[in-house]
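Read the numbers this way: they start at 1 and go in the same order the structure lists the ligands and their atoms.
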Amino acid sequence: MSRTYQQTISEPISFSGIGLHTGRNANITIHPAAAGTGFIFKRIDPKGLGTEITASWQHTKELPLCTCIANKNGVQVRTIEHLMAAFYACEIDNALIEIDSSEIPILDGSALPFVTKLDQINIIQQDLPQRTIQILKSIEARDGKRFIKIEPAHNLTIDLTISLAKIGKLNWQGSADPATIKQHIIPARTFGRLKNGIIAKIATRFMRDPICLGANTKTALVIIGNKVINKGGLRMPDEFIRHRILDAVGDMMLAGANIKGKITGNSTAHRLNHLLLKILFSDHKAWRWENNDE
Ligand SMILES: [Zn+2]
């Protein structure tokens with residue numbers, strides 16, 4: 001079931017914490033926004049020059065292991081995907097996100113801290129109908145065995161598979177309505193191998209866009225061999241694949257509206273998710289708007 005009207009939050013809420021990749025602290029405040037706004041990220045630190053960037057497939061900058069949006073001058077906001085998935089799960093269509101750094105706090109590596117706090121404030125209905133994007137034909141983004149595909153369907157469903165060394169093949173499939181995503185997907189944390197994290201930290205420490213500098217057992221699931229070394233272990237046995245679903249849900253929010261379609265994929269990555277949207281929107285016969293009040 002789709003909602004008839006767009007929604008925003010009733011009051012501002014704030015989060016603080018380090019970024020997964022920069023390792024730097026950031027403070028963000030999420031404000032209500034007018035119907036039709038979508039999601040605007042605004043840099044409020046001196047370096048960010050007050051830049052506003054709309055969360056859209058048109059503004060992605062390809063960086064490893066995250067979804068980054070940037071303007072023409074290279075002012076950017078990284079790792080927006082978990083917050084975007086939280087907006088989807090909480091059925092929020094419009095918000096202004098102020099940030100005093102270049103990366104959204106990773107918090108515990110999942111979207112649960114965002115959703116927990118968003119659930120404590122009121123969500124208010126606005127005066128414009130919610131629009132959805134209806135898929136009219138099959139579209140695919142592929143890179144060897146990696147692919148993500150979207151096909152026509154009445155509702156959003158997702159079916160993703162990953163194969164992890166020493167762990168094996170994991171699959172999650174199901175309805176991706178907001179309630180299901182909130183219950184089953186939002187708590188799943190990001191993950192990586194300890195070895196790869198150490199290599200990335202050393203290799204990228206002094207680069208403009210470093211990787212994994214903020215990665216540790218408080219911000220991610222850390223894998224050695226076939227086990228995680230985090231205290232308490234996994235939140236669910238298939239937490240890794242559920243996190244990939246979380247990333248896909250967050251990335252599909254860059255479409256600018258909720259999508260109705262059947263998504264399938266293997267070893268998806270943020271880059272392929274962005275590419276899928278680029279291919280989709282470059283073909284005007286592949287989709288159409290649907291006003292939910294019609
Ligand atoms: Zn993620």
Side-chain angles (χ1 to χ4, degrees), residues 15 17-23 26 28 39 41 55 57 60-69 76-90 97 99 102-116 118 141 146 148 158 160-164 167 170-172 176 181-182 184-194 196-197 200 204 209-223 228 230 234-236 238-255 263 265-277:
F15 297 89
I18 61 163
L20 178 66
H21 297 299
T22 61
I28 69 168
F39 299 95
F41 288 78
W57 59 275
T60 53
K61 171 184 168 182
E62 293 313 323
L63 288 178
L65 307 175
C66 71
T67 288
C68 175
I69 50 172
Q76 65 191 39
V77 180
R78 275 172 103 172
T79 319
I80 65 168
E81 60 270 26
H82 305 162
L83 178 58
M84 295 301 288
F87 289 140
Y88 176 81
C90 295
I97 305 99
I99 176 165
S102 63
E103 187 175 21
I104 299 296
I106 189 67
L107 305 175
D108 71 352
S110 79
L112 190 58
F114 293 127
V115 166
T116 302
L118 285 166
R146 291 175 182 269
I148 182 163
I158 308 184
L160 296 185
T161 302
I162 49 172
S163 297
L164 299 174
I167 292 170
L170 294 168
N171 171 268
W172 190 92
I181 295 301
K182 191 187 264 190
H184 297 286
I185 301 301
I186 287 299
R189 289 164 289 176
T190 191
F191 59 90
R193 291 201 170 269
L194 179 67
N196 296 345
T204 68
D209 295 314
I211 301 169
C212 295
L213 297 189
N216 59 58
T217 53
K218 290 200 169 66
T219 60
L221 290 167
V222 178
I223 306 168
V228 297
N230 303 65
L234 296 170
R235 286 180 177 163
M236 49 280 255
D238 58 352
E239 190 167 353
F240 306 123
I241 182 63
R242 290 189 194 218
H243 187 79
R244 283 295 168 84
I245 301 276
L246 177 74
D247 285 337
V249 167
D251 285 346
M252 289 307 123
M253 289 289 277
L254 299 180
I263 292 175
N266 181 51
S267 299
T268 52
H270 292 296
R271 185 177 49 80
L272 279 183
N273 297 345
H274 307 155
L275 183 59
L276 182 78
L277 292 177

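- Note on Glu81: not counted as a metal contact of the Zn ion (ligand 1), no N/O/S atom lying under 2.8 Å.
- Note: Phe240 and Phe191 have perpendicular aromatic rings, judged against thresholds of 30 and 60 degrees for the angle between ring planes.
- For His82, the N, O or S atom closest to the Zn ion (ligand 1) goes by the atom name NE2.
- Of all heavy-atom pairs between Ile69 and Ala55, the closest is CD1-CA, 4.0 Å.
- Residue-level check: among N/O/S atoms of Asp247, OD1 sits closest to the Zn ion (ligand 1).
- The ring-ring contact (aromatic ring centres under 6.0 Å, His included) search around Phe114 returns Phe15, not counting sequence neighbours.
- Distance check for Cys66 against the Zn ion (ligand 1): none of its N/O/S atoms falls below 2.8 Å.
- Under the side-chain contact (heavy atoms from CB on, under 4.5 Å) criterion, Ser102 pairs with Thr22, Arg24, Arg43, not counting sequence neighbours.
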